[in-house]
Structure formats: C-alpha cells, structure tokens
Participant: 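Sharing a structure, written as structure tokens. Questions coming.
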Amino acid sequence: GENDKYLIGDIAIKSLEIAARAKVEFTQQSEEIRDWFIGYAAGYNKYIRDVGRDNITSWCKGGAWVKEISPEDLFARFQMFAPSAQHMAAFIVPAAPPLKDQTKEETTSSLKVSEQLYAEAMAALAPRQRGSNGWAIGSDRTENGRGMLLGNPHYYWTGHNRFWEKHLIIQGELKLYGSSLFGFPGIALGFIENVGWTPTVSASKRITFYKLDLVPGDATSYYYDGAPRKMTAKIVKVPVKGEDGVEFIKEHTVWFSHYGPIVSLPNAQWSDKIAITIRDANFPNQGLFAQWKDMGQAKDMDAFKEAHRKWNAMPWINTMATSIDGRAVYIDGTNVGRLSDEAIALWRERVESDPMTKAFYQQMGGSILLDGSDSRFEWQAHPDARMPGVVPYSEQPKQDRTDYIFNANDSYWLTNSSEPLVGYSPMFGSEAAARSPRTRMNDIMLSDKSPDGPAGEDGKFSLQEMQNTLFSNRSMTAELLLDDLVVACVAQGSVKIDEELVDLKKACTALAAYNKRLDLDSKGAVLFREWIMQYTFPELMNAGVLFAVAFDPEDPVNTPLDLGDKELALKKLGQVVQVLNREGLALDISLAETQFAYRGGEKIAIHGGNNAEGTANIVGGWIYDTIAEQTRGKKVEGSNGLTDIGYSIMGGASYILSLSFTDNGPVAEAIMTYGQSGDPTSEYYTDQMKLYAKKQWRPVLYKTEDINKDIKSSYVLTEPR
C-alpha cells in the first residue's frame, strides 16, 4: 500500500494477536452464538462458490483476497471491531527505542508513518467530529404517550463497513428488525415488540495512555514503583508481495509494557527518558453478541437494561432506547479502566500542572495520560465488573426519563439539558465543558416546547414531526453567528488581503439572504460553510477567536455565542470570496448546485451539512480505502471541503430509523441512504439515496400480514453443502 499503509496495519494486528485470540475466544461463546457464525460463514461461502469472485458486481470484484472464510475469521472481524488499540497502528508500529549513537529523535524503527495515517489514528481519539445522533423521546413528549426513537448513525457509504438492513424472525423466540454491519450476525440497532434502541460513538476513553519513566542507559526498561521492569519485544513476521509479484517476509519488532504496546506520538516520541504505552479496556471483550442476543429478546425496558448489566460488553458505543410504556433511556455502557478516587484526583491536578498531561487532554480529544511508573494509577478491580479493572454497569453513566434523552458524540453530561449527569469517572468524558455545535442543535430541537417549535403547538412529537426535525437541516453556527457577520460585513464593505482589496458587498447580500439551513435550495449556504470551516474545531466551542461570549456551564446549550474577532472574521470571509471567485462559483450558489453523491454513474444532489455548521443531518466527503466507484474530485486550494466537482459526499447519515410505539405495536419508517445493495447495476443501489435527497421515508414492514403482501421473492434455506 501507499506509504506502507497496509503493512503498518498488518504489523499492528499481528502484534495484538487478533486472529489467534479470536480462535480461542470463539470456542468460549455459547453454542447458539457459535451456530450464528457457522451459519453466516456457510452462507457467505456458498455465495462465493456459486457466483465466483470474478463475477461479483461490486467494488470487491476480482479481489484476490475474496475467498471462503471460517467462522473464526468472522469472529476475528469482531475482534477488529471491538478493541480500540488496533486503530492505533500508526502509533504502535513506529515505536522503537532511540539509537544510542544518534539524537533522541531517531529510533531503530525502519517504518515511517504518513501524516494521513497519523491523522486517521488521531481522529479515532475524537469521534465527536464525525459520529452520530441518537434520540429517545418519552411519554411526556410524544402525542400518544408512548416511546419514540430516532437512530441516525453517521457511517461509511461504501465498502465492508456498511450497515445492512434485516428482519430476523424465529417463531416463538425472536422478532427483531434493524441493521448491523456486514459480517455481524444479529442486530446492532433496531427494535422489537416493546423496545427500540440505537447507538452513538461514546466520548469515553477506552484507551488509557501511560507515561513510563525509563531506566538511565536502558531505553527498554522502565521504573515501576521504583524498581526496574523490562519491556517485552515481539518480532512480527508479515508476508508482503513485492513490486515484482514475489512474496517475501517483512520482520518488525513491536514493544510492549505490562500495560500494552508502546506507542510513538507526534508530540510524545520514545526517548532515552520516557516512553508512552497504552492499555485497552476492550482486551478481551467477548460478550457483545450475547448482549445483543439478550437485548433482542427483551420483553420490556427492565429486561433490556438487565442485558447491559449482565454482559457490560458494549465496546465503544452509547445506547439510546425507548419502550412502549414511554421510557427514554441512556446508557454509556462502554468499557473503560476503573481508576481509584486518589488516581482521579492526582490526574486532575496534573492536567493543570504537567504540560504533557495537559497536552494529551486538550489536544488529543480528551485523552487520559497517567503515570505508568506509579502503581496508584493501575485500574482497580470491582466484583461486578466484566473483567478485572474495568468499570461495572453500576458505575456507568445512565439516565431513565419520560421526556427525552439524546447523544451526539459528546460525553454523557448533557444527555438532557434540564438534568445534566455528574459525578462519573473522567474516563467517560468531560462534565461542565463546552459542547459541539451539533450537540447544542440536537438539544435545542428536542427541548423546544414552544408553539412554533419542532414538536408543534402541543410540544409533543409525532413520528412525522420527529422526522421533519432531523431533516430541518438547521445550522447551529449560522443561527449563532450569521446575523453578526452580516452586520460587520455591511459596516466594512471590503477587506484587504495580501495587498488586494476584496469587495465584500455581494458576500454581504448573499449571507443576508441565507436561510441558515442546509437544504438543497439554501442559497448562500456554500459561502457560509466555506467561512465557518476556516475555523478549527476547538474554536467552534470556545470564546476568543470565533465567539465573544464564553461557554457557561450554567447555560451550556446557548453558550458560547456572538461573533468574536470581527476583523479576523471578515478577513476569512474575504479569503473565501477569493476562492469562490477563482473557481467561478457565485457567492449565492446553492447546495443543489454544489453538493452531490456519485452513485452508479448518477450524480445525485444531497442535502445536509457538517459538524462545523452544527447541523444534525451530517453528510461529508470522507475518503476511505474501500471506495472504488465513488468520484472524489481534486481539492480546491484554500478550501477545507470543496473540490473541483463540488462537495463529493461519501459518508454520513447511513441507516436512519424513525420508530413510534403505538397501541398496536411498533410503527417505523427508515432510509438506508446508500441503498441496500452494493451492486452499482442494481435498482437497489440508488433508490433510497433518491428518497433521502427528497426527504422521503419508506415504511418498515414489520407485521406478518404486511410482509406477505409485499413479497418480491423467497428462498428456502438448506443445510450447508
């Protein structure tokens, strides 16, 4: 791969023994769950044999790696999914002790990591910049007094990490509707007769960073409570195909402390004095499928919550759930290390006094750096925990209400703005800290009970009102800043940039007419987007550069606010005007003219926005390895998102589920934005994207009589051959 990308990934995965662990842990699953994987693998293998990899009409057609699989292979895919450490390949592989006769910046590692790989690993530490929305609305805020749910995960649109919609029925045992990722039996988000649920990526810290004080003269030994302790070296052998097609073996040494692998970070290199190591709370985590099974067979909300308590196996996702009796439940059931009160107090003090601890927390998505040479910072056992050292269900953030709860990838603290959750471990994220614009918009829309609010005159949601709220495409940053920006723009009229006087009058007019939404017909949306994306993500949440009024924990949804540095704001606006003029784009150009998904040879205009705009309905130009059919475009100089073909949308809102419980059971409508099929020649490849573009939902057929009226084809399963 380019810049050894796949080699680096293979080394990390082999060093963590993903495949070997999966073989052992698969045998420890229940017989029923093993049967799930055996049957899933058998069905996949039958398809490969019947069709052949050269005849697959999808992005993986003809891939040499497309071959029959074992149940253990599938379980290894789960092991790739659950742990967080495997996402740290860009940190693990280059970590090597410094050369004794060279400067401390040089190490014995033979592999260099690209900036792109570093960026991807860093992004894994700060999921709220991508993420999802999950809403559960209780009896106090629904028209019929029963529960409602919105599932809105933001995820891949192509490749092997897509959601797959399914309905699983075993007479007398199971009737479960929803979706999961390819290669995963069961349902990850969906609903049953009395309960529905959806996930979002948690802000919790499943990875704990530890700083090791090294023994002088021996960079592979560290102090632990004053005594030297030796690191472990693991030599990994990876087969590599050379440019001439001949395979050879690449050897690489990966180093481990008793916590886990040693890592090398851009701001924390392995030197002759310190090394950084990590511990992953999801090694091992074997209970997710058993938990999903119990969640899918729960008779009521209490049984659903009991599945979380019993298995405590959610690797890195929050759960938002609702029920027919009108409960709205939030659980951050993720696995994190359990620190003592003393360790937490010491860490909080060091965030203020120690530059490295502070930098990890402020510049690496709230990452926790502890003193690995001091046993006081070891994880603490609890009798109810899934494994020694992780936080048990009883100590995890949770909320059970009758109005609403939500999550948009910030921490548990603002699950409901009328009653913030407090008193939990910092391993679950921050309290009383600024929220992202998207989190603020989510709460504003859900908490608004005014007559002209999203829930209508009665302040109570119907299914359609909930759907319309998501697709209202309101921009939080536009609502906060646009009016101030227009006033400043009109007052000044022009700005000087690099000796060029840029006329802002047309920009002022375009912004004044902008409706502060990310709809297809929103003129001026592109101009505002290009302006707000000139600011960094931290600046979107703090006073100083962008905002004039600082964040107030007593008013977390409405602060920060008001435009801060107006001179800088107009300079950035002038730079955007230059970019759009250079590209020949009108300053009042609409999203319909610039934002597209390229699917099966079609160009489909797509509504929605990004986290900088603070809209709930997220779409974006995410570029992933598995994209073959998608059109990417060439990045426009001076822009953080625009390409020469506009905004090329490749990810975001994926399987969108809207659910309302009624006296007659669950009623649901959904959209699989990228289509159920990955085959560009299939009618099911673009059909739902066109629905999404029109904000049209389709009914979910849940009742047997409705399904029987709509059968397109059927297939009788036989035993594997």
Participant: Can you check whether Arg162's main-chain N or O pairs, donor with acceptor, with Ser654's side chain at less than 3.5 Å?
Facilitator: no
Participant: Tell me whether Asn152 contacts the main-chain N or O of Asn133 through its side chain, where contact means a donor paired with an acceptor under 3.5 Å.
Facilitator: no
Participant: Using modelled atom types and a 3.5 Å cut-off, is there a donor and acceptor pairing between side-chain atoms of Thr673 and backbone atoms of Ala653?
Facilitator: yes
Participant: Could you list the residues that satisfy ring pair (Phe, Tyr, Trp, His ring centres under 6.0 Å) with Tyr40, not counting sequence neighbours?
Facilitator: none
Participant: Rounded to the nearest 0.5 Å, how far does CD of Gln464 lie from CE of Met466?
Facilitator: 11.5 Å
Participant: With distance as the sole test, does Asp706 use its side chain to make a donor-acceptor pair with the main-chain N or O of Tyr702 at under 3.5 Å?
Facilitator: no
Participant: Minimum heavy-atom separation for Ile606 and Gln595, please, with both atom names.
Facilitator: O-NE2, 2.7 Å
Participant: Could you grab the distance from atom CZ of Arg77 to atom NE2 of His160, nearest 0.5 Å is fine?
Facilitator: 5.0 Å
Participant: Determine whether the aromatic ring centres of Phe471 and Trp697 lie less than 6.0 Å apart.
Facilitator: yes
Participant: Identify whether NZ of Lys or CZ of Arg in Arg599 sits under 6.0 Å from the centre of the six-membered ring of Tyr674 and within 45° of that ring's axis.
Facilitator: no
Participant: Between Glu613 and Ser475 (side chain of the first, backbone of the second, donor and acceptor by atom type, cut-off under 3.5 Å), is there such a pair?
Facilitator: no
Participant: Sub-3.5 Å donor-acceptor pair from the side chain of Lys5 to the main-chain atoms of Gly9, do we have one?
Facilitator: no
Participant: For residues Ser494 and Leu501, report the shortest heavy-atom separation together with the two atoms involved.
Facilitator: OG-CD1, 3.7 Å
Participant: Scan Asn409, Asp410, Asn610, Thr615 and name whichever one has a side chain to side chain donor-acceptor pair (under 3.5 Å) with Arg438.
Facilitator: Asn409
Participant: In Å and rounded to the nearest 0.5 Å, what is the OG to CG distance from Ser132 to Leu150?
Facilitator: 11.0 Å
Participant: Given the rule in the salt bridge (Lys or Arg N to Asp or Glu O under 4.0 Å) test, do Lys690 and Glu602 qualify, once you have shown the distances and angles that lead to the verdict?
Facilitator: CA-CA 10 Å; Lys690 293 174 180 176; Glu602 293 189 64; 3.1 Å; yes
Participant: Does any part of the side chain of Met320, heavy atoms only, come nearer than 4.5 Å to the side chain of Trp135, both counted from C-beta?
Facilitator: no
Participant: What I want to check is whether the side chains of Tyr177 and Glu165 have a donor and an acceptor closer together than 3.5 Å.
Facilitator: yes
Participant: With sequence neighbours excluded, give me every salt bridge (charged side-chain N to carboxylate O under 4.0 Å, His left out) pair touching residues 514-525.
Facilitator: Asp483-Lys516, Asp519-Lys695
Participant: For the rings on Tyr404 and Phe461, is their centre-to-centre separation under 6.0 Å?
Facilitator: no
Participant: Roughly how far, to the nearest 0.5 Å, is CG of Asp498 from NZ of Lys496?
Facilitator: 10.5 Å
Participant: If I take atom CD from residue Glu68 and atom CG from residue Asn45, how far apart are they, to the nearest 0.5 angstrom?
Facilitator: 4.0 Å
Participant: If only side-chain N and O atoms count, and only distance matters, is there a donor-acceptor pair under 3.5 Å linking Lys166 with Ser180?
Facilitator: yes
Participant: Can you check whether Cys60's main-chain N or O pairs, donor with acceptor, with Arg53's side chain at less than 3.5 Å?
Facilitator: no
Participant: If you compare all heavy atoms of Ile497 against all heavy atoms of Val502, which two are closest, and at what distance to 0.1 Å?
Facilitator: CD1-CG2, 4.2 Å
Participant: Decide whether Tyr684 and Asp679 meet the rule of one side-chain donor and one side-chain acceptor closer than 3.5 Å.
Facilitator: no
Participant: How far apart are the closest heavy atoms of Ala597 and Trp157, and which atoms are they?
Facilitator: CB-CZ3, 4.0 Å
Participant: Specify the closest pair of heavy atoms between Ala507 and Cys489, including all atoms of both residues, with the distance to one decimal.
Facilitator: C-SG, 4.5 Å
Participant: Between Tyr692 and Asn617, does any side-chain donor sit less than 3.5 Å from a side-chain acceptor?
Facilitator: yes
Participant: Looking at CE of Met541 and OG1 of Thr439, how far apart are the two atoms once the value is rounded to the nearest 0.5 Å?
Facilitator: 9.0 Å
Participant: Looking only at the side chains, is there a donor atom on one of Ser658 and Glu669 sitting less than 3.5 Å from an acceptor on the other?
Facilitator: no
